[in-house]
There are 2 protein chains.
Amino acid sequence: MELAEGKLKFIEAWGKLGSEWGINRTMAQVHALLLVSPEALTTEEVMAELSISRGNANMTLRDLIDWGLVEKQHKTGERKEFFYAEKDTWAIARRVAEERKKRELDPVLKILSQLSEVKGDEKDPAYKTFKTSVADINKLAKNVNKTLETMLKAEESWFFGSIFKIFK
Amino acid sequence: MELAEGKLKFIEAWGKLGSEWGINRTMAQVHALLLVSPEALTTEEVMAELSISRGNANMTLRDLIDWGLVEKQHKTGERKEFFYAEKDTWAIARRVAEERKKRELDPVLKILSQLSEVKGDEKDPAYKTFKTSVADINKLAKNVNKTLETMLKAEESWFFGSIFKIFK
DNA sequence: TTAAACTTTCAAAAATAAATGAAAATTAAA
DNA sequence: TTTAATTTTCATTTATTTTTGAAAGTTTAA
């Protein structure tokens, strides 16, 4: 396979994966494009490579910056802004994990703890099932939360190394 | 908070979480409803509780069965079908992990291994960056894959217990 | 200043995903 | 069988998400 073809395949695959995980397809594609670009790209270049509009490119790049996955660069003598993607995969994974934890897991943990307070008739099967399900999910969510917190602090080799040491 | 209100909050939260993770909101809500129901429900009951159409209820329930999260039950003397959700949270997490691994991670691993074969000019920065990014993502994906495989085999207490023993 | 280069915004359009509901298909009791 | 109950299908409709593109805003060089 040629580089050009591989690049297209990579962008396509990353976009598909993103959309399956609730991330806008175009955003994932722009990220993929920047990931395989040695140099920072301009908005124009992103627009041209992916055939997307200026507005779309601009908003998507801004979102990627908000996620901490891309940074703006300025080149001396150049008026335009350049966009460069963080290349360290483990850092990317941590950024995504951190952001989604903050946006999604933390709110869910809050709601679950409220739902743990629901009072009712201990004889009522509906109440008992509710209680048990909420308690179980709460326990799992807290374990996931603790694991993520560990991951956010860890180096990749340490994190996976330690996991596999245990489960070998 | 009352049971009725808590139930609504739970269904709403589960639906929102689902949609953030690429799962149809209604499907997550039906799952939530069944999770807190001590008894198996009929299609009619699901339709009424969530105010959704027959077609939607039918398709959603079928999808949940495909995911292995819900099973059909038949009651003697009853013509209708009843739907019951697996209540063991760890089993649910494993089912979801297994299914998404199969549907999403496995195809990505396959593409990444193809992309590892891309040939090009070692002096070309575009080629070098492509190679490095693909190799790094491949490594991470394989580690995630191994961790998932471990999780699929493990008991919850063992899995998290072992992780926290290491990271204490 | 001013004017060209560049970035951002956002209402409208297009694309995509999900839901409806009535008809067709299936099932099982009479 | 026949028929009534129940489930499934799927063309249409509705809702949601994403993209466009032109206008407004901003920046910087002359």
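As a basis for the values below, the full set of heavy atoms in this structure was taken, side chains included, without hydrogen atoms, waters or symmetry mates. Sequence lines set the chain letters: A, B, ... in the order given, protein chains first and strands last, and positions in each chain run from 1. All of these numbers come straight from a predicted model, not from anything done at the bench.
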[N] [atom2] sits how many Å from [X] [atom1], rounded?
| X | N | atom1 | atom2 | result |
| --- | --- | --- | --- | --- |
| B:Leu61 | C:dA18 | CG | P | 16 Å |
| B:Leu64 | C:dA18 | CG | P | 14 Å |
| B:Ile52 | D:dA15 | CD1 | P | 16 Å |
| A:Met27 | D:dT17 | CE | P | 16 Å |
| A:Met47 | D:dA22 | CE | P | 12 Å |
| B:Glu20 | C:dA17 | CD | P | 18 Å |
| B:Ile23 | C:dA17 | CD1 | P | 15 Å |
| A:Ile65 | C:dT8 | CD1 | C1' | 12 Å |

**OP:** Find which nucleotide of DNA chain C each of B:Ala57 and A:Glu78 is nearest to by heavy atoms, and output the residue with the more 5' nucleotide.
**Re:**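 Closer to the 5' end of DNA chain C: A:Glu78.
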**OP:** For B:Asn24 and for A:Lys72, find the nucleotide of DNA chain C with the closest heavy atom, then tell me which residue's nucleotide is more 5'.
**Re:**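 Residue closer to the 5' terminus by nearest nucleotide: A:Lys72.
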Nearest to the side chain of [X] - [options]?
| X | options | result |
| --- | --- | --- |
| B:Met59 | D:dC10, D:dT8, C:dT7 | D:dC10 |
| B:Asn56 | D:dT9, D:dT19, C:dA19 | C:dA19 |
| A:Glu81 | C:dT8, C:dT20, D:dG21 | C:dT8 |
| B:Thr26 | C:dG21, C:dA18, C:dC6 | C:dA18 |
| A:Asn58 | C:dT8, C:dA5, D:dT7 | C:dT8 |
| A:Arg54 | C:dA19, D:dT18, C:dT8 | C:dT8 |
| B:Lys80 | C:dT8, C:dT20, D:dT6 | D:dT6 |
| B:Ser53 | D:dT7, C:dG21, C:dA18 | C:dG21 |

**OP:** Could you give me the CA-CA distance, side-chain angles and deciding distance for B:Lys153 and B:Glu149, then say whether salt bridge (Lys or Arg N to Asp or Glu O under 4.0 Å) is met?
**Re:** CA-CA 7 Å; B:Lys153 285 182 259 168; B:Glu149 281 176 354; over 6 Å; no
**OP:** Spell out, as yes or no, whether a donor-acceptor pair under 3.5 Å connects the side chain of A:Thr60 to the backbone of A:Ala57.
**Re:** no
Original post:
Is A:Arg62 touching bases, backbone alone, or none of the nucleic acid, heavy atoms closer than 4.0 Å?
Top reply: sugar-phosphate
**OP:** Please state whether the rings of B:Phe159 and B:Trp90 are parallel, tilted or perpendicular, taking 30° and 60° as the class boundaries.
**Re:** tilted
Subject >> cation_pi(B:Lys72, B:Phe82) dist<6.0 Å, angle<=45 >> reply: no
Subject >> Exceeds 12 heavy-atom contacts within 6.0 angstrom, atom NZ of A:Lys87 >> reply: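 Counting other residues, nucleotides and ligands, NZ of A:Lys87 exceeds 12 neighbours.
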Original post:
Can you find a donor-acceptor pair, distance only, under 3.5 Å between A:Arg79 side chain and D:dT27 base?
Top reply: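 Pair found.
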